[in-house]
Asker: 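Okay, handing you the structure first.
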Amino acid sequence: MDRTLAGDLARLPELLQAARDVAAREVAGLAGRPVAAPGPAPGRAPLPAEGVGGEGALAYFTERWAPGFSGSAGPRYLGFVTGGATPASVAGDWLTSAFDQNLSGAGGSRAEELERETVAWLRELFGLGAEHSGAFVTGATMSNTVGLAIGREWAGERLGVDVSRQGAAALGPLDVLSGSPHSSVAKGMSVLGLGRDRLRRVPLLPGGREAVDVAALEAALAERAGRPVIVVANAGTVNTVDFDDLRAIAALKERYDFWLHVDGAFGAFAALSPRHAALVDGLDAADSVCVDLHKWLNVPYDAAVQFTRHRDLQVAVFHNASPYLGLPAGEPEFLHLTPENSRRLRALPAWFSLVAYGRAGHREIVERNVTLARRLGAGIEALPGLRLLAPVRLNVVCFTLAEDPSEERVARLARAVAASGEAFLTPTVYDGVPGLRAAFSNWRTTEADTDRVLRVLADSACRDVN
């Protein structure tokens, strides 16, 4: 064994303690550090010819790279839809690496059963019935792609084509209908050979809504009668967290034959709150569902789940037959359910967080984030230099400059906010108007954080943009 490796093994407790001290300082000081780290990165160093050991690598990292990392796990990082990592989920993530279980198969380990237990808890959390089975994937993009892949197999079954064997070309054109699809839907269609151009946008409800017009959707389905169709419904759009009427869309299945996939990447968490659960009424009727966990469940990247009512079709798509893996039988191992064979035990951080804080703790995070989003929205409405682009429906505030909201001026506002170190926001375009989004999904965010974001917005809009 290499002497440096042997030395690290002998001093493993000290190495882990040193890493623990760095991590503890980072987490403890997260609320006070700059949210974004603008400026150039260090130049690339050459590959070391000789190693310096784990503690030397830790010191090099903390000096050279750590200061330039963003505070994305902190309470005022409101870009994209980014959760933090609860203390328990961090502990679970560390143990995931320490135990280093490969979820290719059971392999003499109970890790697979822990994952099944976690999936069952999540299914219950989101109000899905026992007909839905699930598996962990990397994020919403992969979850949507898996759902579309199973839907593609369903379409082939309707046409007498085994897509998993004959390929997407044998299926022919397959339309995917959606009102406000996330960009990952088109990406998944490209990966699956369906083609981005087969995404058909259905008219939305009037009044600046991002929810699909169900009557228009029915008309689109009627036009395609006799041909399989996939419908992607939204449980929370990224701009304004608008929800399609899932119950009304599911009711159309009584008259039309289509696959219903629901993208509930973060909107599915509305199910946790009695005040907002009606938004996801009908989710259980979906053929496949996407939920992202490193968003509102606040577990470390990367983690998401996908659910489906059609595990047989899922196995047809993703099964991996080889002498050393065996064929899927009974309760299929997870390697037969997603694109990955080898992967880490993503379920463990989620398991830790669910056990540590329960349904009630995660409900409190969701409801507090919604309250804080509305607080920021009310504050923006009161500022003369800014205006809301849409009502604050759940946890995202979509807004822009009150005057001349050009792409250049809005981008300047975003840069000024990031340069302050107080907050980070991401740009968008809503109804043709450039704007910014503030997405609340971090477990640490408080009223004081929200007020700090509002102050820097007011200051930046007045001083840096005009």
Side-chain angles (χ1 to χ4, degrees), residues 30-31 33-38 68-86 89 137-145 180-188 210 234-243 263-270 290-305 365-366 368-370 372-373 376-377 380 389-390 392-400 407 410-411 413-430 434-445 449-450 453 456-457:
L30 192 56
R33 65 173 292 182
V35 177
F69 278 25
S70 75
S72 58
R76 296 184 308 284
Y77 190 97
L78 306 180
F80 308 103
V81 185
T82 304
T86 58
S89 71
V137 289
T138 55
T141 297
M142 187 53 66
S143 184
N144 280 330
T145 301
S180 299
H182 187 265
S183 58
S184 62
V185 172
K187 182 176 183 177
E210 290 186 311
N234 289 296
T237 57
V238 294
N239 272 346
T240 67
V241 204
D242 211 346
F243 285 74
D263 182 353
F266 64 96
F269 285 87
C290 156
V291 185
D292 213 339
L293 302 181
H294 50 237
K295 290 182 169 65
W296 232 345
L297 195 70
N298 280 259
V299 298
Y301 282 90
D302 52 31
V305 285
I365 295 170
V366 168
R368 173 161 43 89
N369 283 166
V370 173
L372 295 175
L376 181 66
I380 286 173
L389 282 170
V392 180
R393 296 190 176 93
L394 203 65
N395 65 318
V396 173
V397 185
C398 187
F399 65 99
T400 193
E407 183 177 355
V410 171
L413 173 59
R415 289 195 298 269
V417 171
S420 74
E422 283 288 275
F424 183 81
L425 309 174
T426 41
T428 190
V429 175
Y430 176 71
L436 295 174
R437 297 168 55 261
F440 288 78
S441 49
N442 190 290
W443 68 274
R444 300 171 67 128
T445 310
D449 292 306
T450 306
V453 173
V456 75
L457 279 172

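Scope of the values below: all heavy atoms of this structure, side chains included, with no hydrogens, waters or symmetry mates.
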Asker: Quick one: side chain to side chain contact (heavy atoms under 4.5 Å, CB included) partners of Asn234, sequence neighbours excluded?
Answerer: Ser178, Ser180, Thr237, Asp244, Asp263
Asker: Do any N or O atoms from the side chain of Asn298 and from the backbone of Ser441 form a donor-acceptor pair under 3.5 angstrom?
Answerer: yes
Asker: Would you find a donor on one side and an acceptor on the other, under 3.5 Å apart, between the side chain of Asp292 and the backbone of Ala265?
Answerer: no
Asker: Could you check whether any side-chain heavy atom of Val238 comes within less than 4.5 Å of a side-chain heavy atom of Val396, counting everything from C-beta outward?
Answerer: no
Asker: Are the side chain of Asp449 and the backbone N or O of Pro75 linked by a donor-acceptor pair below 3.5 Å?
Answerer: no
Asker: So does Thr141 get a backbone contact from the side chain of Thr145, meaning a donor-acceptor N/O pair under 3.5 Å?
Answerer: yes
Asker: So, do Val370 and Phe440 sit near enough that their side-chain heavy atoms are less than 4.5 Å apart?
Answerer: no
Asker: Measuring only between side-chain heavy atoms, which start at C-beta, is Thr82 closer than 4.5 Å to Asn442?
Answerer: no
Asker: Between atom CZ of Arg393 and atom SG of Cys398, what is the distance when rounded to the nearest 0.5 Å?
Answerer: 9.5 Å
Asker: Verify whether one side chain among Arg76 and Thr445 offers a donor that lies under 3.5 Å from an acceptor in the other.
Answerer: no
Asker: How would you list, by chain and number, every residue that makes a ring pair (Phe, Tyr, Trp, His ring centres under 6.0 Å) with Phe399, sequence neighbours excluded?
Answerer: none
Asker: Tell me every residue that passes side chain to side chain contact (heavy atoms under 4.5 Å, CB included) with Ala303, counting only those two or more places apart in sequence or in another chain.
Answerer: Leu293, Val299
Asker: Could you state the interatomic distance from CE (Met142) to SG (Cys290), rounded to the nearest 0.5 Å?
Answerer: 11.5 Å
Asker: Is there a donor in the side chain of Trp296 and an acceptor in the side chain of Asn369, or the other way round, less than 3.5 Å apart?
Answerer: yes
Asker: Return the CG to OG1 distance between Leu389 and Thr240, rounded to the nearest 0.5 Å.
Answerer: 10.0 Å
Asker: Is it true that the side chains of Thr428 and Asn239 contain a donor and an acceptor less than 3.5 Å apart?
Answerer: yes
Asker: May I ask you to decide if Ala85's main-chain N or O and Trp443's side chain share a donor-acceptor pair within less than 3.5 Å?
Answerer: yes
Asker: Give a yes or no answer on whether the side chain of Thr138 reaches the backbone of Asp302 with a donor-acceptor pair at less than 3.5 Å.
Answerer: no
Asker: Taking all atoms of both residues into account, what is the closest heavy-atom pair of Pro434 and Thr400, and its distance?
Answerer: O-OG1, 2.7 Å
Asker: Side chains of Leu436 and Thr426: does their closest heavy-atom pair fall under 4.5 Å?
Answerer: no
Asker: Say whether, by atom type as modelled, one donor and one acceptor occur between the side chain of Arg437 and the main chain of Pro427 under 3.5 angstrom.
Answerer: no
Asker: Taking all non-hydrogen atoms of both residues, which atom of Ala36 and which atom of Phe424 are closest, and how far apart?
Answerer: CB-CD1, 4.0 Å
Asker: Answer yes or no: is there a donor N or O on one side and an acceptor on the other, between the side chain of Asn144 and the main chain of Ser184, under 3.5 Å?
Answerer: no
